[in-house]
Chemist: 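First the structure, then my questions, so here it is.
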Amino acid sequence: MSRIGVFICHCGENISRTVDVARVAAEVGKLPGVAFSTDYKYMCSDPGQTLLKKTIQDQKLSHVVVAACSPRMHERTFRKAVEAAGLNPFLCEMANIREHCSWVHENIEEATVKATEIVGMMVERVKKNRVLPTITVPVTKRSLVIGGGIAGIQAALDIADGGHEVILVEREPSIGGHMAQLSETFPTLDCSQCIMTPKMVDVANHPKITLYTYSEIELVEGYIGNFQITIRKKARSVDEDKCTGCGVCMTKCPIKKIPNKFDCNLGMRPAIYVPFPQAVPNTPVIDRDNCTKFKTGKCGLCQKVCGPGAVDYEQEDTLIVEPVGAIVVATGFDLYTIAEKPKGSPIKGYGEFGHGKIPDVIDGMTFERLASASGPTGGKILRPSDGKEPKQIVFIQCIGSRAREKGISYCSKVCCMYTAKHTMLYHHKVHDGQAYVFFMDARTPGKSYDEFWRRSIEEEEAVYIRGMVSRLYQKGKKIVVMGSDIAVGVQVEIEADMVVLATAIQPQAGADTLAQKLGISYDKYNFYSEAHAKLRPVECATAGIYLAGACQGPKDIPDTVSQASAAAAKVMALFSKDKLEREPIVARVKESACVGCFACKKVCAYGAIEEKEIRDRQGNLVKVVAYVNPGVCSGCGTCQATCPSKCVELDGYTDEQIVAMIEAL
Amino acid sequence: MHTEKPKNSFEPKIIAFVCTWCTYAGADLAGTSRMQYPSNVRVLKFPCTGRIDPVFILKAFQQGADGVLVSGCHPGDCHYIAGNFHARRRFAAFRKLLEFIGVDLNRLQFSWVSAAEGGKWVEVVTDLTERVRSMGPMVEFKELAMEEQWSGTIDTPELKEAYNQI
Ligand SMILES: Cc1cc2nc3c(=O)[nH]c(=O)nc-3n(C[C@H](O)[C@H](O)[C@H](O)COP(=O)(O)OP(=O)(O)OC[C@H]3O[C@@H](n4cnc5c(N)ncnc54)[C@H](O)[C@@H]3O)c2cc1C
Ligand code: SF4
Ligand code: SF4
């Protein structure tokens, strides 16, 4: 006979405000098998846990149900406490009467009845719980970082400085991400390249970092501590070991006029190219779509001029498998392009403000390239259409952001600040020019941020107009911008030479596909979801995977770097152990009942099910049955629901446990 | 927020079978966001919708559920790579079977609710509860359960004929 102890938590008032906890304790106390039941103010607090441990020992409890918050919050806490009291941790279950009850219902009677039933279900379930041994698995102390922007670079350097190997995978030919494109950075206006390139070089030189650029994640297998990553290294057409980075090939390449994505298509590059002079690695790549050799078979000039013979037209994609124990995802962001609507995008409002139609309407990143000393104009602010210096410039904030009806309801967080920065950079370079900013609000929380924004108005003479632009059109060489100044209540019309749109920050293209490979969750915009918005902001719900930078939500550089270092600290904590305890939620086969149909093997996405031969004493084959490799099984239970002879069982989720819950209704 | 319900109105029992990674987390989010929904639903947590055996649904109806919800990760988002695809195929066949034996499929709802969709969880639960409330109690399976208990009372001519053939 079981001696179950039930502990009902008030959670301060969070539960007890709508659930009559004393009544729940009294009601469940009457259930067969329940030896003890009580309610307590804060079960997770130190005295709460002490009460739990002491009662287990005093009352000689055999099972425990803690009715409190979500098991996603505190299951570990209570299982640890139960274990400390000498009971197998898997004999403890949580009943979720906060997130699933007290917080979502107002009627005390209804909530109390529901809470009683929820606890009752868990009481019946826990009776069927079995003692499960903890499974320990080794930890591979190497880590994968996906994305080589400032987030990925910082995380990789921190982990590598901590003494562990890092595999850094970047999709583009060079690391650097968006920060490498920026001119100067708020709130201090230091030159982005000057603070970024040394870090890029550190990555290239670090003995513990292996860098794969122009590469993508093909496949992710395994679980925390034991992932197997297949990386597709795309054919660069240049041998990285032989290339000296002299750049002769690029000067000789006859194709010269390909818009350079790094320069937001303002500058041109050859078919064999590095995206920017400070690229890491400084090894060119051949853009096969635009190379004459690949298109027609002729040319081959770069191969002829290359001294070390590094150009290799025959090179193919290679697949590399790397075992790692932890993964940091740092794939960053992209700018919302209103010039054209990407296929399948749920976001409306494309083609507004003449973006993509009027050449002198540009986005913020393009302005960064114009302002950058190493950019296509050498740092001169010149408008794309005729190369003239714009004397009147209009900045429009919140393009796409905070426009729920158009599909994006969030604030992109960095645009207020970078627009203020743009007005300053503009004023520094075009002394007789005038900058206007259309804005809804100025959001400048952050150390020294508001001071920075004020400086743009008070010292750099930017004119801020609170209101949105209603219409914008080309008139001769000018762009007429019409809008309202809602602070003063007048219509304004500005004849501008150039317009800069602060377009919304969105996750990188393909963010969802990558998430699916990793098995991590993401929101409706494709930003990756953290395990807990406040308390676990850099971890994914999927164990062993961590988040850094703008892939999790719009972020500036200081926040990105902090999060990257935090993710690195999490990885270091994981790597401080040689072995890891993992949940013993794995499937087992009742070999006597298995008929060897292997329906389970077909549905197991992890390849955890093997064929096992059963032989008699003479060594004759009796039958072949399914065997689940507990090291590989992830515990989804698909095999169990599939097995026609009901001989696979998932520990922790057995038919017995589930039916007991249904019957408790 | 709370709408007055007419007295003695029928309150359906709804059982939800959900996966831990997406829908359970989505329901948690509805809680942390203090959204409100009818209290009729009881949630059973599974690692994955792939673990949900159709027998559980039958069992739930038999135990007196008036409506059943099965919800997991969106297609492609399964934490276990493809468990929800297997579940989808399994339930597609199962629905046909239920329809064949005469269960009104309006009592059984399948949905995808992600960890970020607290609002969608509220919508799905509210819609199903209201729909089932208007349909009235599910009696077919309860009678069956009774029969099981008192196996002996065979009162329909069809059952009698079938019985005689055995
Ligand atoms: C116009 C503009 C101006 C800004 N100015 C400032 C400023 O002055 N100060 C400031 O603090 N912040 C500024 N920011 C914000 C700043 O750019 C970001 O905070 C920062 O770049 C975020 O870094 P990240 O590494 O997260 O992302 P990213 O810089 O986007 O890097 C992500 C990297 O991951 C790679 N990647 C993506 N997907 C994959 C994949 N599937 N596989 C492999 N690799 C992948 C990308 O190629 C990229 O290299 C500005 C932003 C904009 C748009
Ligand atoms: S490929 Fe050859 S020519 Fe081109 S940069 Fe490398 S070494 Fe120089
Ligand atoms: S529970 Fe079954 S199907 Fe799922 S991973 Fe384990 S063996 Fe494979």
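Scope of the values below: all heavy atoms of this structure, side chains included, with no hydrogens, waters or symmetry mates. Throughout, a chain's letter reflects where its sequence line sits, starting with A, and its residues are numbered from 1. What you see is a predicted model, and the numbers here were worked out from it, not measured in a lab.
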Chemist: Give me each pair satisfying salt bridge (Lys or Arg N to Asp or Glu O under 4.0 Å) with a member in residues 114-127 of chain B, each pair once, sequence neighbours excluded.
Modeler: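 Listed once each, the pairs would be none.
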
Chemist: Are R42(B) and L665(A) packed together at the side-chain level, in the sense that at least one heavy-atom pair is separated by less than 4.5 angstrom?
Modeler: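 Contact flag for R42(B)/L665(A) side chains = yes.
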
Chemist: Please look at P54(B) and chain A and tell me whether the side chain, the backbone, both or neither of the residue comes under 4.5 angstrom of a heavy atom of that chain.
Modeler: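 Contact with chain A is absent: no heavy atom of P54(B) under 4.5 Å.
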
Chemist: Given heavy-atom pairs under 4.5 angstrom as the criterion, report whether the side chain, backbone, both or neither of V41(B) touches chain A.
Modeler: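 Its backbone and side chain both get close to chain A.
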
Chemist: Report which part of M121(A) has an atom under 4.5 Å of a heavy atom belonging to chain B: side chain, backbone, both, or neither.
Modeler: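 The side chain, not the backbone.
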
Chemist: With a 4.5 angstrom heavy-atom cut-off, which part of F46(B) approaches chain A: side chain, backbone, both or neither?
Modeler: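 Both backbone and side chain.
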
Chemist: Keeping H79(B) on the side-chain end and I520(A) on the backbone end, is there a donor-acceptor pair under 3.5 Å?
Modeler: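 Pair absent, no side-chain N/O of H79(B) close to backbone of I520(A).
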
Chemist: Side chain from CB out, backbone as N, CA, C, O: work out which of these in K13(B) comes under 4.5 Å of a heavy atom of chain A, or both, or neither.
Modeler: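 Contact with chain A: side chain only.
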
Chemist: Would the distance check show the side chain of R51(B) and the main-chain N or O of Y653(A) forming a donor-acceptor pair, the cut-off being under 3.5 Å?
Modeler: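 Checking the backbone N and O of Y653(A) against the side chain of R51(B), a donor-acceptor pair under 3.5 Å is found.
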
Chemist: Answer with side chain, backbone, both or neither: which region of R90(B) has an atom nearer than 4.5 Å to a non-hydrogen atom of chain A?
Modeler: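 The side chain, not the backbone.
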
Chemist: Quick one: what part of T642(A) sits under 4.5 Å from any heavy atom of chain B, side chain, backbone, both or neither?
Modeler: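 When you check distances to chain B, atoms from both the backbone and side chain of T642(A) fall under 4.5 Å.
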
Chemist: Where on A87(B) is there a heavy atom nearer than 4.5 Å to chain A: the side chain, the backbone, both, or neither?
Modeler: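 For A87(B), no heavy atom lies under 4.5 Å from chain A.
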
Chemist: Let's test your reading of the structure: which of C19(B), A115(B), C22(B), A27(B) forms the most heavy-atom pairs below 4.5 Å with chain A?
Modeler: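 Top option by heavy-atom pairs under 4.5 Å: A27(B).
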
Chemist: Between D655(A) and chain B, with a heavy-atom cut-off of 4.5 Å, which part of the residue counts as in contact: side chain, backbone, both or neither?
Modeler: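 For D655(A), backbone and side chain are both near chain B.
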
Chemist: Check whether any side-chain heavy atom of Y24(B) sits under 4.5 Å from a side-chain heavy atom of S70(A), and report yes or no.
Modeler: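 Side-chain contact under 4.5 Å: yes.
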
Chemist: Quick check on W121(B) against chain A: is it the side chain, the backbone, both or neither that has a heavy atom closer than 4.5 Å?
Modeler: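 Answer is neither: W121(B) stays 4.5 Å or more from chain A.
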
Chemist: So do K45(B) and P71(A) actually touch side chain to side chain, heavy atoms under 4.5 Å?
Modeler: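 Yes, at least one pair of side-chain atoms sits under 4.5 Å.
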
Chemist: Given heavy-atom pairs under 4.5 angstrom as the criterion, report whether the side chain, backbone, both or neither of I52(B) touches chain A.
Modeler: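 Only the backbone of I52(B) comes within 4.5 Å of chain A.
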
Chemist: Provide the full list of salt bridge (Lys or Arg N to Asp or Glu O under 4.0 Å) pairs with a residue in residues 628-651 of chain A, sequence neighbours left out, each pair given once.
Modeler: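 As it turns out, the salt bridge (Lys or Arg N to Asp or Glu O under 4.0 Å) pairs with a partner in residues 628-651 of chain A, which skip direct neighbours, are R130(A)-E649(A), R130(A)-D651(A), R588(A)-D651(A), K646(A)-D53(B).
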
